[in-house]
Chemist: 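Would you mind keeping the following structure in view while I ask a few things?
These numbers were taken from a predicted model, which means no experiment stands behind them.
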Amino acid sequence: MTTPALPAPPFGRALCAMVTPFTAEGALDLDGAQRLAGRLLAEGCDGLVLSGTTGESPTTTDAEKSALIRAVREAVGPRTSLVAGVGTADTRHTVELSLAAEKAGADGLLVVTPYYSRPPQDAVEAHFREIADATGLPLMLYDIPGRTGTRIEPETMIRLAEHPRIAAVKDCAYDLLGTQKVLARTELAYYTGCDEQVLPLYALGGTGYVSTVANVAPRQFRAVLDAFDSGATTEAARLQRRLLPLIELMMASGLPGTVTTKSLLTHLALPSGPVRAPLRPAPPQTTEALLTAYKELIDGP
């Protein structure tokens, strides 16, 4: 009995939720974005997610979001997957951003559940369907109830999977049971957005990851997938565990991942720049701990 082939992932398997570089004065640094994008792809990322939360989408303008897509597209060429974060709490505004992202050269749209207003599930479903109907681009639904206040319930996800342009999920729901229910009943490509769950979700049939920590360790994250794909499951588990100290410091230290990522990138002399208010830079002791964990990861076996 042969095992049926899995559907090809719509955006690749190893995606980086790229930070948005700014100049020292806080302006959009398009040259820095192009250089960072090139490095991430050279180091193992299949594609990039631009203007997600890690990319400071709440504090970048609509015009800056479009300019970022155009600049990165120019740098990486037509064959690299670029997924544009367009999610807002306003369906009409999200549609406008989706159309602008399509025009600027995005390959897909990352659409978060409407936040703060906590709409019921029928309204959540209608929101995503309206956006999916508005452009020709595939959608990646972003399920992160810890930030939005609203879950995309598994039954809602299963119904949404029937839409021809709803293709993927960025999963930050911390509900492996619910995730497996959707995986069993749909062909949605599931990407973990939780860096500590790269291997667990992949082993359950997930597609890969959308990683914040991959901004600084793209090769190390890709190695987990490559080891698992080769059948070296014990090695894949070892590689995942080696990432945990850095993941914990960057994603569970009480600071947003954008802050810790930009702090580390700056000290590695890579494009990043400051964060925009209301975010504030990481304190020196946090940066020192990040550098120590990073060096141990890079220098270790």
Side-chain angles (χ1 to χ4, degrees), residues 4-18 37 40-41 44-52 54-55 69 72-73 76-87 94-95 97-113 125 127-144 152 154 156-173 179-180 182-194 197-198 201-212 214 218 221-222 224-226 228-229:
L6 292 171
F11 309 113
R13 301 189 186 280
L15 304 182
C16 178
M18 195 178 93
L40 292 171
L41 296 173
C45 295
D46 294 327
L48 305 170
V49 175
L50 306 176
S51 295
T54 300
I69 296 168
V72 174
R73 173 59 73 204
V76 304
R79 301 184 69 178
T80 297
S81 293
L82 296 183
V83 180
V86 296
T94 303
V95 167
L97 286 173
S98 300
L99 292 167
E102 183 177 36
K103 184 177 180 180
D107 298 298
L109 305 172
L110 175 69
V111 189
V112 73
T113 317
E125 183 175 347
H127 172 83
F128 287 126
R129 288 185 180 277
E130 183 169 343
I131 296 154
D133 288 339
T135 80
L137 297 180
L139 265 63
M140 178 186 290
L141 308 183
Y142 189 5
D143 190 15
I144 183 167
I152 310 174
T156 303
M157 198 79 79
I158 290 165
R159 290 192 299 272
L160 286 167
E162 298 170 359
H163 194 289
R165 283 187 295 283
I166 295 178
V169 177
K170 181 182 177 184
D171 184 13
C172 291
T179 293
Q180 289 177 80
V182 181
L183 284 169
R185 293 175 57 185
T186 75
E187 293 188 352
L188 288 171
Y190 256 76
Y191 295 83
T192 183
C194 306
Q197 291 194 3
V198 167
L201 184 56
Y202 200 56
L204 289 169
T207 300
Y209 56 77
V210 177
S211 168
T212 293
F221 272 85
R222 182 56 183 255
V224 175
L225 304 188
D226 290 345
F228 189 86
D229 287 344

Chemist: Rounded to the nearest 0.5 Å, how far does CD of Glu125 lie from CE of Met157?
Modeler: 11.0 Å
Chemist: Taking all non-hydrogen atoms of both residues into account, name the closest pair between Cys45 and Pro218 and its distance.
Modeler: SG-CB, 3.9 Å
Chemist: Nearest 0.5 angstrom please: Asp46 CG to Leu15 CG, how far?
Modeler: 6.5 Å
Chemist: Minimum heavy-atom separation for Ser98 to Ile131, with atom names?
Modeler: OG-CG2, 3.5 Å
Chemist: So which atom in Ala132 and which in Ile166 form the shortest heavy-atom distance, rounded to 0.1 Å?
Modeler: CB-CG1, 4.0 Å
Chemist: Report the residues that fulfil side chain to side chain donor-acceptor pair (under 3.5 Å) with Thr54, sequence neighbours left out, ordered by chain and then residue number.
Modeler: Thr212
Chemist: For residues Ala168 and Pro10, report the shortest heavy-atom separation together with the two atoms involved.
Modeler: CB-CG, 4.3 Å
Chemist: Grab the two heavy atoms, one from Thr80 and one from Gly47, that are nearest each other, plus how far apart they are.
Modeler: CG2-CA, 4.2 Å
Chemist: Passes side chain to side chain contact (heavy atoms under 4.5 Å, CB included), Val210 versus Thr192? Steps please.
Modeler: CA-CA 6 Å; Val210 177; Thr192 183; over 6 Å; no
Chemist: Would you name the heavy atoms of Gly193 and Lys170 that are closest together and state the gap between them?
Modeler: CA-CE, 3.7 Å
Chemist: Kindly say whether Ile152 contributes a backbone atom to a donor-acceptor pair with the side chain of Thr156 at under 3.5 angstrom?
Modeler: no
Chemist: Out of Tyr209, Phe221, Phe228, which residue meets the ring-ring contact (aromatic ring centres under 6.0 Å, His included) rule with Tyr202?
Modeler: Phe228
Chemist: Any chance you could measure His127, atom NE2, to Leu160, atom CG, to the nearest 0.5 Å?
Modeler: 10.5 Å
Chemist: Only counting residues at least two apart or in another chain, list the ones meeting ring-ring contact (aromatic ring centres under 6.0 Å, His included) with Phe11.
Modeler: none
Chemist: Run the side chain to side chain donor-acceptor pair (under 3.5 Å) test on Tyr142 and Asp171 for me, step by step, so that the C-alpha distance in whole Å, both residues' side-chain angles and the decisive distance to 0.1 Å come before the verdict.
Modeler: CA-CA 6 Å; Tyr142 189 5; Asp171 184 13; over 6 Å; no
Chemist: Whether the side chain of Arg13 engages the backbone of Gly208 through a donor-acceptor N/O pair (distance < 3.5 Å, no angle test) should be reported.
Modeler: no
Chemist: Output the distance between atom CG (Leu137) and atom CG (Leu99), rounded to the nearest 0.5 Å.
Modeler: 9.0 Å
Chemist: Check the pair Leu50, Val83 against side chain to side chain contact (heavy atoms under 4.5 Å, CB included), reporting the backbone distance first and the verdict last.
Modeler: CA-CA 6 Å; Leu50 306 176; Val83 180; over 6 Å; no
Chemist: What do the steps show when you test Leu82 against Val72 for side chain to side chain contact (heavy atoms under 4.5 Å, CB included), and what is the final call?
Modeler: CA-CA 8 Å; Leu82 296 183; Val72 174; 3.8 Å; yes
Chemist: Check the pair Val182, Leu188 against side chain to side chain contact (heavy atoms under 4.5 Å, CB included), reporting the backbone distance first and the verdict last.
Modeler: CA-CA 8 Å; Val182 181; Leu188 288 171; 3.9 Å; yes
Chemist: Give a yes or no answer on whether the side chain of Thr207 reaches the backbone of Tyr190 with a donor-acceptor pair at less than 3.5 Å.
Modeler: yes
Chemist: Please report the interatomic distance SG(Cys16) to CG(Leu48), rounded to the nearest 0.5 Å.
Modeler: 6.5 Å
Chemist: Under the rule for ring-ring contact (aromatic ring centres under 6.0 Å, His included), what residues qualify as partners of Tyr191, not counting sequence neighbours?
Modeler: none
Chemist: Between Arg129 and Asp133, does any side-chain N to carboxylate O distance fall below 4.0 Å?
Modeler: no
Chemist: Is there a donor-acceptor pair under 3.5 Å between the side chain of Arg165 and the backbone N or O of Leu139?
Modeler: no
Chemist: Taking the side chain as C-beta and beyond, is there a heavy-atom pair between Val95 and Glu130 under 4.5 Å?
Modeler: yes
Chemist: Salt-bridged, Asp107 to Arg73, with N to O below 4.0 Å?
Modeler: yes
Chemist: First locate atom NE2 of His163, then atom CG of Leu141, and finally report the distance between them rounded to the nearest 0.5 Å.
Modeler: 10.5 Å
